[in-house]
Participant: 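Mind having a look at this structure? Questions to follow.
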Amino acid sequence: MTYLEEARELLREFPVADGHNDLPWALREQVRYDLDARDIATDQSAYLHTDLARLRAGGVGAQFWSVYVPSDRPGAVPATLEQIDCVRQLIDRYPAALRAALTAADMEAARAEGRVASLMGAEGGHSIDNSLATLRALYALGVRYMTLTHNDNIAWADSATDDPAVGGLSAFGRAVVREMNREGMLVDLSHVAATTMRDGLATSVAPVIFSHSSSRAVCDHPRNIPDDVLERLPANGGVAMVTFVPKFVLQAAVDWTAAADENMRAHGFHHLDTTPEAMAIHRAFEERNPRPVATVSTVADHLDHMREVAGIDHLGIGGDYDGTAFTPDGLDDVSGYPNLIAELLDRGWSRTDLTKLTWQNAVRVLGAAEDVARDLRSRTAPSNATLEQLDG
């Protein structure tokens with residue numbers, strides 16, 4: 001049996017529980033949620049990284065669908081609700097392939113049925129507009145993690161890719177984390193500044209996640225996780241889900257991306273724009289400046305290091321498909337996960353290690369957050385604190 005055959009066999013039993021996929025935002029940007037125009041029951045490889053056939057080929061058994069909206073646009077709360085509605089429409093439209101999941105038990109039930117457990121994560125604290133009641137409403141609608149920031153600072157938390165302002169989490173930011181613990185919503189520390197990561201770990205009494213972040217020691221990008229933070233994950237019980245985005249995993253791609261982003265801005269596009277018009281600008285730049293190419297091995301290097309620092313019980317996968325313009329060779333779309341597992345098998349990773357990486361750690365961390373929430377709800381009332389009260 002080849003490593004690839006062994007990887008596919010493993011994924012049939014313990015599929016990938018992926019921490020982050022931006023399909024809902026791609027559907028909004030490309031076709032304004034016209035699911036007939038982007039029917040993922042058919043081949044969408046010309047437009048998307050994700051469709052049902054490629055999810056099956058990739059051995060995906062659970063997906064946190066990101067209900068992301070940009071942090072620099074007004075109306076984040078209604079836009080987040082529209083993203084949630086998109087995920088619900090997808091689940092309703094494809095019931096044989098997708099199953100709504102709110103709990104760790106739901107994830108296991110979906111696995112037993114051969115369906116993709118479909119969870120939701122809100123990407124950025126701007127999505128609650130400084131309101132703990134809105135946070136609770138998102139949880140009631142099915143959101144099971146919130147990334148504390150996206151690319152920009154918010155009033156109560158610093159982002160990895162903005163100038164320091166708060167110094168990590170403010171008093172209200174810590175109140176947000178405590179309320180997330182009480183609800184059972186995972187605290188996601190991807191995208192946040194290292195100071196915010198440390199404050200989040202110091203505040204949360206439930207395990208945290210990094211839904212799509214890699215190792216800063218391997219690739220020095222502020223979106224990645226420093227070793228001192230990885231070292232704290234075992235005590236917290238959290239999970240760091242390695243991402244595939246080349247500009248976060250390959251140092252040469254970091255430098256190339258800075259130049260490509262500046263080119264996008266010079267042409268009047270946001271650097272994260274993945275519309276066809278924006279991608280044409282990207283392609284023209286790439287023809288003039290060949291793009292450094294990440295590979296499956298590049299991502300495996302991050303996992304090797306992260307396993308050494310944090311331990312196998314604290315690793316997962318968060319590909320960030322449909323949220324990035326480029327992907328590594330061999331991880332071109334959601335069908336590529338078996339290639340990564342085969343690479344890790346070739347490096348000597350055991351079946352036990354790989355089943356934790358793909359499935360068990362993600363299920364465990366959600367279940368642990370549920371346990372913490374049951375205890376906190378039995379002892380504490382919902383908080384109605386405001387930003388003004390706590391931060392002045």
Side-chain angles (χ1 to χ4, degrees), residues 64 66-85 102 120-211 236 238 369-392:
F64 280 93
S66 175
V67 291
Y68 156 80
V69 299
S71 51
D72 59 355
R73 297 191 191 185
V77 173
T80 301
L81 297 179
E82 290 171 0
Q83 290 282 89
I84 291 170
D85 183 69
L102 301 175
M120 290 183 280
E123 192 173 15
H126 59 286
S127 292
I128 64 169
D129 196 21
N130 303 326
S131 165
L132 296 180
T134 301
L135 173 70
R136 291 189 288 271
L138 293 186
Y139 183 85
L141 291 171
V143 174
R144 287 300 177 265
Y145 75 66
M146 185 174 73
T147 321
L148 298 186
T149 74
H150 191 240
N151 288 338
D152 302 309
N153 295 338
I154 56 176
W156 44 270
D158 283 347
S159 168
T161 48
D162 203 347
D163 295 328
V166 177
L169 286 175
S170 72
F172 183 75
R174 292 190 292 274
V176 170
V177 168
R178 288 192 292 269
E179 198 65 14
M180 292 173 73
N181 289 167
R182 187 185 178 278
E183 288 295 302
M185 185 184 288
L186 290 164
V187 176
D188 179 19
L189 298 177
S190 284
H191 276 289
V192 306
T195 51
T196 309
M197 296 177 192
R198 296 175 189 120
D199 284 354
L201 281 164
T203 305
S204 181
V205 297
V208 304
I209 63 166
F210 293 81
S211 66
N236 167 265
E370 295 165 21
D371 292 341
V372 169
R374 275 190 291 270
D375 175 60
L376 290 176
R377 286 183 182 182
S378 72
R379 298 186 288 106
T380 62
S383 172
N384 294 306
T386 67
L387 180 73
E388 294 74 19
Q389 286 172 339
L390 296 183
D391 290 350

Participant: Hey, what do you get for CZ (Arg379) to CZ (Arg374), rounding to the nearest 0.5 Å?
Facilitator: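 It is 13.5 Å, given to the nearest 0.5 Å.
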Participant: With rounding to the nearest 0.5 Å, note down the distance linking CG in Leu189 to CZ in Arg198.
Facilitator: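 Result: 11.5 Å between the selected atoms.
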Participant: Kindly indicate whether the side chain of Tyr139, heavy atoms from C-beta on, has any atom under 4.5 Å from the side chain of Leu141.
Facilitator: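 In short, these two side chains do not touch, never coming nearer than 4.5 Å.
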Participant: Just do the side-chain contact (heavy atoms from CB on, under 4.5 Å) check on Asp152 and Asp72 with the steps written out, would you?
Facilitator: CA-CA 8 Å; Asp152 302 309; Asp72 59 355; 4.0 Å; yes
Participant: Considering all heavy atoms of both residues, which atom of Ala155 and which atom of Asn130 are nearest to each other, and what is their separation?
Facilitator: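 That would be CB-OD1, 4.3 Å.
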Participant: Taking it one step at a time, do Val143 and Met185 satisfy side-chain contact (heavy atoms from CB on, under 4.5 Å)?
Facilitator: CA-CA 7 Å; Val143 174; Met185 185 184 288; 4.0 Å; yes
Participant: Are any non-hydrogen side-chain atoms of Arg182 and Pro382 less than 4.5 angstrom apart?
Facilitator: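 Arg182 vs Pro382: side chains touch.
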Participant: Mind checking whether Val205 and Leu376 have side chains closer than 4.5 Å, heavy atoms only?
Facilitator: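 Yes, close enough: below the 4.5 Å cut-off.
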Participant: Working to the nearest 0.5 angstrom, can you tell me the gap between Gln389 CD and Ser383 OG?
Facilitator: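 That separation rounds to 8.0 Å.
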Participant: Please determine whether side chain to side chain donor-acceptor pair (under 3.5 Å) holds for the pair Asp391 and Ser170, giving the CA-CA distance in whole Å, both sets of side-chain angles, and the decisive distance to 0.1 Å.
Facilitator: CA-CA 7 Å; Asp391 290 350; Ser170 72; 2.6 Å; yes
Participant: Go through the steps for Leu132 and Val176 under the test side-chain contact (heavy atoms from CB on, under 4.5 Å), then give the verdict.
Facilitator: CA-CA 7 Å; Leu132 296 180; Val176 170; 3.8 Å; yes
Participant: To the closest 0.5 Å, what do you measure between CE (Met120) and OH (Tyr145)?
Facilitator: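 Interatomic distance, Met120 CE to Tyr145 OH, rounded to 0.5 Å: 11.5 Å.
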Participant: Any side-chain heavy-atom pair from Val208 and Leu201 closer than 4.5 angstrom?
Facilitator: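 Result yes, sub-4.5 Å side-chain heavy-atom pair found.
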Participant: Would you say the side chain of Leu169 lies within less than 4.5 Å of the side chain of Val177, judging by non-hydrogen atoms?
Facilitator: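 SC-SC contact between Val177 and Leu169 confirmed.
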Participant: Determine the minimum heavy-atom distance between Leu102 and Glu370, stating which atoms define it.
Facilitator: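 Between these two residues, the closest heavy atoms are O-OE2, 4.2 Å.
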Participant: Heavy atoms only: give me the nearest Val67-Ala122 pair and the separation to one decimal.
Facilitator: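 It is CG2-CA, 3.6 Å.
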Participant: For Ser127 versus Val69, what's the shortest heavy-atom pair and its separation?
Facilitator: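 Scanning both residues completely, I find the closest heavy atoms to be OG-CG2, 4.0 Å.
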Participant: Check whether NZ of the Lys or CZ of the Arg Arg144 lies under 6.0 Å from the centre of the six-membered ring of Phe64 and within 45 degrees of that ring's axis.
Facilitator: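 Here Arg144 fails the 6.0 Å and 45° test against Phe64.
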Participant: Got Met146 and Val187 here, is their nearest side-chain heavy-atom distance under 4.5 Å?
Facilitator: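 Met146 does not reach Val187 side chain to side chain.
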Participant: Mind checking whether Phe172 and Trp156 have parallel, tilted or perpendicular rings, split at 30° and 60°?
Facilitator: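 Phe172 and Trp156: perpendicular rings.
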Participant: Which pair of heavy atoms, one from Asn151 and one from Ser71, lies closest together, and at what distance?
Facilitator: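 Closest heavy-atom pair between Asn151 and Ser71: N-OG, 4.2 Å.
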Participant: As an exercise, state the distance from CD1 of Ile154 to OG1 of Thr196, rounded to the nearest 0.5 Å.
Facilitator: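 Those atoms lie 9.0 Å apart.
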Participant: Provide the closest heavy-atom pair for Ala206 versus Asn181 in the form atom of the first, atom of the second, distance.
Facilitator: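 Shortest heavy-atom separation between Ala206 and Asn181 comes out as CB-ND2, 3.6 Å.
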Participant: How far does CD of Glu179 sit from CZ of Arg174, to the nearest 0.5 angstrom?
Facilitator: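 That separation rounds to 15.5 Å.
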Participant: Would Ile128 and Leu138 satisfy side-chain contact (heavy atoms from CB on, under 4.5 Å), going step by step from the backbone distance to the final call?
Facilitator: CA-CA 8 Å; Ile128 64 169; Leu138 293 186; 3.8 Å; yes
Participant: Side-chain contact, heavy-atom cut-off 4.5 Å: Ile209 with Asp188?
Facilitator: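 Result yes, sub-4.5 Å side-chain heavy-atom pair found.
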Participant: Taking the side chain as every heavy atom from C-beta outward, state whether Val192 and Asp158 have any pair of such atoms under 4.5 Å apart.
Facilitator: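 Counting from C-beta outward, Val192 and Asp158 never come under 4.5 Å.
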Participant: Would you please test Thr147 and Glu123 for side chain to side chain donor-acceptor pair (under 3.5 Å) and show each step?
Facilitator: CA-CA 5 Å; Thr147 321; Glu123 192 173 15; 5.2 Å; no
